[in-house]
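Per chain, numbering begins at 1; letters A, B, ... match sequence-line order.
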Amino acid sequence: MSRDNILHKVRTALGRSAGQPPAPPPEARLRVPEVDLETRLARFSQALEALGGKFYRAASQDDARAYVAALVDGRSAVASNSPYLEQCGITALAGVRSGFLEEPVLRGLCAVTDFGVTSADYGLADTGSLVMLSSREEARMISLLPPVHVAVLAKECILTGLDELFTVLALPAEATSSMVLITGPSRTADIEQILIRGVHGPGETHVIVV
Amino acid sequence: MTTVPHKQFQETLADTGLQLAIYSATGRLMDKRRATVRQEVLPDYQELRLQASALKKHTIENLDHYLEQFEASVAARGGKVVWCKDAGDAAEFLVRLAREKDARLFTKVKSMTTEEIDLNEHLEEHGLEAVESDLGEFIVQLAHSRPYHIVAPALNLTRYDVADLFTRALGVERETVPENQTKIARRVLREKFLAADIGISGANFLVADSGAVVLVTNEGNGRMCTTLPKVHVAIAGIEKLIPRARDLAVFLKLLGRSATGQPLSVYTSFLAGPRRPHEIDGPEEFYVLLLDNGRTRLLADREKRQSLYCIRCGACLNHCPVFRKIGGHNYPWVYSGPIGQVISPQYRGIGQDPWLPFASSLCGACAEVCPVKIELPKLLLELRGEVVKAKSRDGESRLERLGFRAWSWLMRHPSLYELAGMMGSLVLTSPEEGKWLRRVPFVPNVGPLKAWSSERDIPPLPAKSFRQLWRTRQGVAR
Amino acid sequence: MPRRVALFVTCVVDQLFPEVGLATVEVLERLGYTVDFPEKQTCCGQPAFNSGYREEAREVACHCLDVLAGAEYVIVPSGSCTSMIAHHYEELFAKDARRLDEARRLAPRVWEFSKFLLEVAGVEDVGARYDGVVTFHDSCHGLRELGIKEGPRRLLSHVKGLTLREMDIPEECCGFGGTFSVKFPSISGGMSRTKIESILKTGADAVVGVDASCLLQLRGVLSRDGLPVKTMHLAEILASR
């Protein structure tokens, strides 16, 4: 059996025996700096915009809704089932469809829709990233298939960076089968090293922080 | 056994367009990396490297434990680990799976591991279509070629090459603008993404405590291949393991910066099993193929097992002055650059490409930038020693061995060394003071002499060596 | 009171660039040192070591250890030879306890020329004069194994009449790499030409370095391509008056 074969070879190579406990691993190195909210937001927006993403600081949930309405402007949009979007009144906007639980239906829609509107679990200030855990409230494809991705989240969700993320969420696998860090719009430099945005994922990313 | 591909080197060196492409692409990646690891930008850079190296060392040295932990974690999340001794095992599994699922179309995320095992070719033999979805790999696949660089597969191609390819292979009207070429690829591949039965990826990291596959891309094809199809298969070498999810805080800070000068790539996916009952989308089946394919052999070598720490960032390629001259296709195997020179002989046997570990000036630029601190020059030196031992065992390279034995003898007999120098200075003289020679008079232009003079002039040996001048000087001083 | 130092002149300097050896001695004597030249010295063994001939390298290294035993300071006008003795002898003699011990005791006493001037002699201005524009090449072993980067530049900054212009790629390998230069001549030459392009852009009259083998390579290519740029060892500049 390949399993036994491989494990046996590994053990022989290392001089270890089956069931032998491992040496203690190096300590996990997580340093979470103390950074106030305003600074975090400033860093986040700077990082995001440097990547060609768009940042909007909404004064209120209403303001966020207005921004999305102006952006979508009557075109087609799919929103996730995030309670936060509902709170902001975004799911009630004209042209915005949500509440989908069937994958094939959602897929068919996302493939032809202009905007995908989601919330996000966290933002990472250092890199301008969104952290999205797949769930009943957040389907993966909404932030993937439509050419424009709009994410709306509360400002308190913006963490400092990776260290803080893995401090608050040491075992993402317990919560979800998919955690994705989205850092700016899709891009490539595969042809003559020329930067081009919007390859397979969304070419336009808006993050609204309330 | 291959011999030094001198002719191909010369062709590549003479191709000014290609030289410019390689030099500027790698130069750009070097500059971008430097900008993101500078002291002012990432003050802990060196500390992170130490940490990453220590984590890899620990994982590799306790690999059996982590492999089992990983397997159990994957199973706990509803996925399945498949152990593959070699390319054959992996291909067999996929073919069988395809039959079971009546699957015909695979979409693939860029993976050097799948290149290593010629996966696409194996699948094609069974009438299965595996479409590369990373733009660079898509282009390379259409060209029936090999990736030119670990991170930038189509580095050697121009937009005109791409235009030709797309017209020929996709039947589209000739398009030379890269933005539009990308739109074409997006359109073609989106159809495939949506229609794919099975998505195949590699893994940048395998996380033992989570049973997770970590995938890093910029284009979004990684997400496409691992979200849309009903089945996701990740293929990864056993060395890709890291102990804990939180160790990603170290590795993710190094990977993007070292590879392309990005603090984080656009999409970092942490995938742990098939979709959960409450989730709306995602694959229904999740397999991780753990590949040996010779890794256990590397593991057994205490000195060289650090080669397995590699996180495939490509930094060593970008900084290698040899790579920057000869490009990725002049290396004998799929892995190029310094890391390729170190692992190819270990996987393929040192007798396969005995010249490969010598194709380096040992400048050390690679080791300086390796995020996991692999001692590449040291490993190259070790491999050189092994090649020489093997050759002497097989009775090869007798002349070279004889040469070094003679040299050693001479260097241990100072008066004879001096005599040799004096004799040399009689032959290697210059007609004009300070002028170097095109070739050595009287001596046949062969071997090292020919090699030297093919590119450079030869220094005349001064009439008096330093030690002779010293003696005179001391005589005068006294 | 004059201190004694031993000179390990290196085989390349001994046979091909004796003027570099003389310049090294002159600078040291000017600073009040008495220079010994252990006559039995030949080579550090690097060519064989880099070519995979460890046995042969070991034999020559043993000879070198014997020659240099007992010297309090060994000055070497070469980064790569210094690094061979001070760093790589440990690898070579890993299995020979006696020689390993000798190598370990010798290592801290071996000094690349510029490092000796700055860190032991404690001087930056050696009273040199060189009228001209030069550029500096960072030899790989010196740079990456001995940390030689700022040092020579500080020494050059005090040389009267000298202008230093940095090339864009001072740290890129010149292409020598010992036997690499003859095993892969086209690549070696290509690397040099890229380097030389950068040197030419500075408009410098000379390229300066701490390793004669780099200068051997660069000069060979410069000569072949008919270019007027000179190559000079740091010692030669510092010995100029």
* Closest heavy-atom contact between C:Tyr53 and B:Glu400? -> OH-OE1, 2.6 Å
* B:Arg473 side chain to C:Leu22 main-chain N or O, any donor-acceptor pair under 3.5 Å? -> no
* By a 4.5 Å heavy-atom criterion (distance strictly below it), what part of C:Glu145 contacts chain B: side chain, backbone, both, or neither? -> neither
* Per the side-chain hydrogen bond (donor to acceptor under 3.5 Å, both in side chains) rule, which among C:Arg58, C:Glu56, C:His63, C:Glu59 passes with B:Ser408? -> C:Glu59
* Asked: Checking heavy atoms, do the side chain of B:Lys464, its backbone, both or neither come under 4.5 Å from chain C?
  -> backbone
* **Between B:Met411, B:Lys378, B:Lys389, the one whose heavy-atom pairs under 4.5 Å with chain C are most numerous** => B:Met411
* Asked: If you count heavy-atom pairs under 4.5 Å with chain C, which of B:Pro460, B:Ser453, B:Gly447 comes out on top?
  -> B:Ser453
* To do: Step through the shown structure and confirm whether more than 12 heavy atoms of other residues, nucleotides or ligands are within 6.0 Å of CG on B:Leu426.
  => yes
* Structure fact -> Honestly, the part of B:Gln19 sitting under 4.5 Å from a heavy atom of chain C is neither
* Top contributor to chain C interface from B:Asp457, B:Val322, B:Val388 [non-hydrogen pairs under 4.5 Å] -> B:Asp457
* Measure C:Val9 against the heavy atoms of chain B and call it side chain, backbone, both or neither at under 4.5 Å. => side chain
* Structure fact -> Greatest number of non-hydrogen atom pairs under 4.5 angstrom with chain B, of C:Cys11, C:Ser51, C:Gly189, falls to C:Ser51
* **Residue, of C:Phe49, C:Phe180, C:Phe176, that accumulates the most heavy atom pairs under 4.5 Å with chain B** => C:Phe180
* To do: Please check if the side chain of B:Arg384 supplies one atom and the backbone of C:Asn50 the other of a donor-acceptor pair under 3.5 Å.
  => yes
* Evaluate whether atom NZ of C:Lys149 has more than 12 neighbouring non-hydrogen atoms of other residues, nucleotides or ligands under 6.0 angstrom away. => yes
* Top contributor to chain B contacts, counting heavy-atom pairs under 4.5 Å, from C:Cys64, C:Gly175, C:Cys173, C:Ser192 -> C:Cys173
* To do: Measure C:Arg219 against the heavy atoms of chain B and call it side chain, backbone, both or neither at under 4.5 Å.
  => both
* Please flag which part of C:Val35 lies under 4.5 Å from any non-hydrogen atom of chain B: side chain, backbone, both or neither. => both
* To do: Tell me, out of C:Val13, C:Leu222, C:Val25, who's got the most heavy-atom pairs with chain B below 4.5 Å.
  => C:Val25
* To do: Nearest 0.5 Å please: distance from the OG atom of B:Ser415 over to the NZ atom of C:Lys40.
  => 8.0 Å
* **Check ion pair B:Arg324-C:Glu172 (N to O, under 4.0 angstrom)** => yes
* From B:His413 atom NE2 to C:Thr42 atom OG1, the distance as rounded to the nearest 0.5 Å -> 10.5 Å
* **side chain to side chain contact (heavy atoms under 4.5 Å, CB included) evaluation trace for B:Lys435 with C:Ser223** => CA-CA 8 Å; B:Lys435 190 164 161 63; C:Ser223 172; 5.8 Å; no
* **Part of B:Val387 within contact of chain C (heavy atom distance under 4.5 Å)** => neither
* Please determine, among B:Arg467, B:Gln10, B:His319, the option with the most heavy-atom pairs under 4.5 Å with chain C. => B:Arg467
* May I ask you to name which of B:Gly424, B:Ala365, B:Ser454, B:Ser425 has the most heavy-atom pairs under 4.5 Å with chain C? => B:Ala365
* **Atom pair CD/CD of B:Gln474 and C:Glu39 - distance to nearest 0.5 Å** => 9.5 Å
* In terms of heavy-atom proximity below 4.5 Å to chain C, should B:Trp355 be classed as side chain, backbone, both, or neither? -> both
* Electrostatic pair B:Arg405:C:Glu55 at N-O distance under 4.0 angstrom -> no
* Structure fact -> Note: B:Lys325 and C:Ile187 closest approach over all heavy atoms is CB-CG2, 4.2 Å
* Based on non-hydrogen pairs under 4.5 Å, which of C:Pro47, C:Ser188, C:Cys174, C:Gly178 is most in contact with chain B? -> C:Pro47
* Structure fact -> Closest non-hydrogen contact found for B:Trp470 with C:Asp36 is CZ2-C, 4.4 Å
* Asked: Please walk me through it: do C:Arg224 and B:Glu455 pass side chain to side chain contact (heavy atoms under 4.5 Å, CB included)?
  -> CA-CA 7 Å; C:Arg224 175 60 60 90; B:Glu455 294 283 332; 5.9 Å; no
* Asked: Out of C:Gly190, C:Gly45, C:Pro185, which one racks up the most heavy-atom pairs below 4.5 Å with chain B?
  -> C:Pro185
* Closest approach of C:Pro18 and B:Pro462, non-hydrogen atoms and distance? -> CD-CG, 3.5 Å
* Structure fact -> If one checks every heavy atom of B:Ser392 against chain C at 4.5 Å, the contacting part turns out to be neither
* **For the student: nearest non-hydrogen atoms of C:Leu16 and B:Pro459, plus distance** => CD2-CG, 3.8 Å
* Checking B:Leu381 against chain C: side chain, backbone, both or neither under 4.5 Å from a heavy atom? -> both
* Do B:Glu382 and C:Arg54 meet the salt-bridge criterion of a basic N to acidic O distance under 4.0 Å? -> no
* To do: Please look at C:Gln217 and chain B and tell me whether the side chain, the backbone, both or neither of the residue comes under 4.5 angstrom of a heavy atom of that chain.
  => both
* To do: Identify which part of C:Leu216 has an atom lying under 4.5 Å from any heavy atom of chain B, answering side chain, backbone, both or neither.
  => both
* With a 4.5 angstrom heavy-atom cut-off, which part of B:Leu362 approaches chain C: side chain, backbone, both or neither? -> both
* Asked: Taking all non-hydrogen atoms of both residues, which atom of B:Trp407 and which atom of C:Cys43 are closest, and how far apart?
  -> CZ2-SG, 3.6 Å
* Considering residues, nucleotides and ligands other than B:Arg438, do more than 12 of their heavy atoms fall under 6.0 Å from its CZ? -> no
* Does B:Gln352 CD have over 12 foreign heavy atoms under 6.0 Å away? -> yes
* To do: Look at the rings of B:Phe466 and C:Phe37 and say which category their plane angle falls in: under 30° parallel, 30 to 60° tilted, over 60° perpendicular.
  => perpendicular
